[in-house]
Amino acid sequence: MVHIQTNMFSGALMWAFLPKMATNFLQARYYEWKYAPNSPSRPKPGSTKYKKDYKKFHIFVIVVYLIYNFYQSYYAAPRQPTLYETLNVSKDFTTQQLKSNYRKLSLMYHPDKQEPEHMEEAQEKYIFIRSAYEILQNPIQLKAYEKFGLTALECKRCSSERDYLYYMIPAYVMHHAITGLILFIFFVLFGKGYGRYWRFLIYFGTAVFEANILLADHDPISLFFPSLLVFEKIEIIRQLNVTVFIALTHIGPDLLPEKKSSLKKNLKDISKLSTVLDRQSSVQFVQGYEPFENNPEALSLLQRTMGKLAADIKLFDFKEVQQVFENMKKSKGSSNTRSNTSTSSFNSSNHAADSASTNNTRKHK
């Protein structure tokens with residue numbers, strides 16, 4: 001598990017430098033081949049033609065590098081031989097085949113039949129062959145080995161598939177916790193980069209895939225990698241995921257450029273407009289009340305008028321006044337008698353408002 005996280009860091013460093021260097025190198029060689037030295041038709045850096053050619057070479061480099069990483073992970077990466085390969089049997093072996101191959105190999109690597117200089121190496125091989133034979137004979141241990149590898153068989157108290165599963169869960173949780181932390185750090189540092197959400201989608205997809213293949217005994221990619229065991233597939237997929245979401249950061253803007261949303265620009269424009277309007281309102285407010293500054297009589301009149309207005313507004317908080325006003329609106333356009341009644345009611349309301357305004361003015365003084 002640890003070396004996968006190490007590969008994540010090393011792979012990220014490789015992806016950070018190699019694609020750009022290779023793209024610049026190929027584009028420069030291509031221009032040297034296609035255009036004569038100092039040719040006026042040669043695209044200059046920053047021009048539209050230069051940018052288009054750069055995108056093409058960049059996509060080509062990323063695709064080639066992806067294929068190389070896939071080949072490196074699946075074919076060229078060093079891997080330990082499986083227990084099936086150790087005893088030269090297939091996954092659907094018979095008991096007779098297993099015993100026959102075990103006898104041949106145990107006789108071949110028996111310490112008593114080895115030269116002194118090869119004694120130690122042969123003894124280790126002999127012990128491993130015997131251990132592989134015992135595991136392949138035990139269905140529960142074989143199941144645990146196919147899912148988790150030899151690490152699971154280090155559990156000495158495990159006697160069922162569930163025991164092995166519980167024994168390996170902390171290792172898988174730790175791996176995804178560290179991977180998630182690394183992704184979060186990348187998101188914080190390079191959050192504005194392309195594919196920032198696809199990385200988390202791939203991360204959660206991998207976690208769901210592992211849970212499905214380990215808990216539900218369902219292998220959706222068995223047709224693509226029939227010769228690999230479950231734990232080998234999980235390790236390869238983890239390595240490829242790192243490669244894919246880093247490659248997405250590089251190749252995504254070239255293949256599927258993000259549409260720049262005008263929302264942020266509109267919000268900035270609204271914020272600027274709001275600031276301008278606020279300043280204009282402040283200036284107009286100051287200019288509107290400037291004539292009253294050195295005129296006590298006008299200021300006193302203004303205070304009385306504002307007090308009356310405040311009283312009128314406060315008066316309309318009462319339901320009775322609101323009802324009178326509604327009745328006035330309903331009676332509009334009716335007979336003169338109802339109109340006079342509404343007018344009388346409204347005058348009463350104004351009289352009450354004047355009284356309240358007078359009282360408020362006295363209190364204010």
Side-chain angles (χ1 to χ4, degrees), residues 1-7 69-111 118 120-156 158-172 175 206 209-243:
M1 302 292 178
V2 176
H3 73 278
I4 294 178
Q5 274 111 29
T6 305
N7 290 338
N69 276 272
F70 176 78
Y71 172 81
Q72 190 73 14
S73 300
Y74 185 63
Y75 294 103
R79 53 184 290 267
Q80 294 291 334
T82 64
L83 299 185
Y84 297 103
E85 295 169 346
T86 301
L87 292 176
N88 296 326
V89 294
S90 61
K91 292 183 179 180
D92 54 350
F93 64 87
T94 63
T95 305
Q96 185 177 358
Q97 291 174 342
L98 181 62
K99 289 182 178 180
S100 176
N101 289 2
Y102 169 67
R103 287 170 184 168
K104 293 178 183 179
L105 293 172
S106 60
L107 289 174
M108 183 183 303
Y109 291 100
H110 198 282
H118 303 296
E120 184 177 354
E121 182 181 355
Q123 187 173 3
E124 292 179 359
K125 185 71 173 179
Y126 178 80
I127 294 174
F128 186 74
I129 290 173
R130 183 175 179 178
S131 176
Y133 175 72
E134 293 175 353
I135 294 171
L136 293 179
Q137 271 192 323
N138 189 324
I140 294 177
Q141 289 186 345
L142 178 58
K143 191 76 172 180
Y145 166 73
E146 289 182 345
K147 285 186 175 182
F148 308 108
L150 292 174
T151 306
L153 301 179
E154 296 175 0
C155 178
K156 304 302 180 183
C158 297
S159 58
S160 64
E161 291 184 28
R162 180 174 295 182
D163 293 337
Y164 286 110
L165 177 63
Y166 290 162
Y167 178 76
M168 291 302 298
I169 281 179
Y172 280 82
H175 166 80
T206 304
F209 167 78
E210 291 185 16
N212 178 64
I213 200 173
L214 294 176
L215 299 178
D217 290 332
H218 176 63
D219 186 1
I221 59 172
S222 57
L223 297 177
F224 300 98
F225 307 103
S227 61
L228 296 180
L229 301 178
V230 173
F231 74 90
E232 292 178 312
K233 295 175 184 178
I234 290 176
E235 186 171 346
I236 289 177
I237 288 175
R238 288 177 178 178
Q239 294 175 356
L240 290 178
N241 280 345
V242 177
T243 302

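When reading the values below, keep in mind they use all heavy atoms of this one structure, side chains included, and skip hydrogens, waters and symmetry mates.
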So does Lys104 have more than 12 non-hydrogen atoms from other groups sitting under 6.0 Å from NZ?
-> no

What is the distance from atom NE2 of His110 to atom CD1 of Ile129, rounded to the nearest 0.5 Å?
-> 11.5 Å

Please round to the nearest 0.5 Å and tell me the distance separating atom CG of Asn88 and atom CG of Leu105.
-> 5.5 Å

If you round to the nearest 0.5 Å, how far is CE of Met168 from SG of Cys155?
-> 10.0 Å

Closest heavy-atom pair, Leu83 versus Leu136, reported as atoms and distance to 0.1 Å, is O-CD1, 3.9 Å

Please step through side chain to side chain contact (heavy atoms under 4.5 Å, CB included) for the pair His175 and Arg238, ending with a clear verdict.
-> CA-CA 10 Å; His175 166 80; Arg238 288 177 178 178; 3.2 Å; yes

Nearest non-hydrogen partners of Gln141 and Leu153, listed with the distance = O-CD2, 3.8 Å

So NZ of Lys125 and CZ of Phe128: to nearest 0.5 Å the spacing works out to 7.0 Å

Nearest 0.5 Å please: distance from the CZ atom of Arg162 over to the CD1 atom of Ile140.
-> 12.5 Å

I would like to know whether Ser106 and Tyr126 meet side chain to side chain contact (heavy atoms under 4.5 Å, CB included); could you show each step before the answer?
-> CA-CA 6 Å; Ser106 60; Tyr126 178 80; 3.7 Å; yes

If we only count heavy atoms from C-beta on, is the Leu87 to Phe93 side-chain gap below 4.5 Å?
-> no

Shortest non-hydrogen contact from Ala152 toward Ala144 = CB-O, 4.3 Å

Hey, does Tyr102 have a side-chain heavy atom less than 4.5 Å from the side chain of Leu98?
-> no

Minimum side-chain heavy-atom gap Leu228-Thr82 below 4.5 Å | no

Any chance the side chains of Gln137 and Tyr133 put a donor and an acceptor closer than 3.5 Å?
-> yes

How about Phe231 and Thr151: do any of their side-chain heavy atoms sit closer than 4.5 Å?
-> no

Leu165 and Lys147: CA distance, side-chain angles, deciding distance, side chain to side chain contact (heavy atoms under 4.5 Å, CB included) verdict | CA-CA 9 Å; Leu165 177 63; Lys147 285 186 175 182; over 6 Å; no

Start with the C-alpha gap between Tyr84 and Leu142, add the side-chain angles, then the distance that decides, and say whether side chain to side chain contact (heavy atoms under 4.5 Å, CB included) holds.
-> CA-CA 10 Å; Tyr84 297 103; Leu142 178 58; 3.3 Å; yes

Is it the case that more than 12 heavy atoms not belonging to Glu120 sit under 6.0 Å from its CD atom?
-> no

Side-chain touch Lys143/Tyr164, heavy atoms, less than 4.5 angstrom | no

Under 4.5 Å between any side-chain heavy atoms of Glu210 and Ile237, yes or no?
-> no

Residue Glu121 excluded, over 12 heavy atoms near CD under 6.0 Å | no

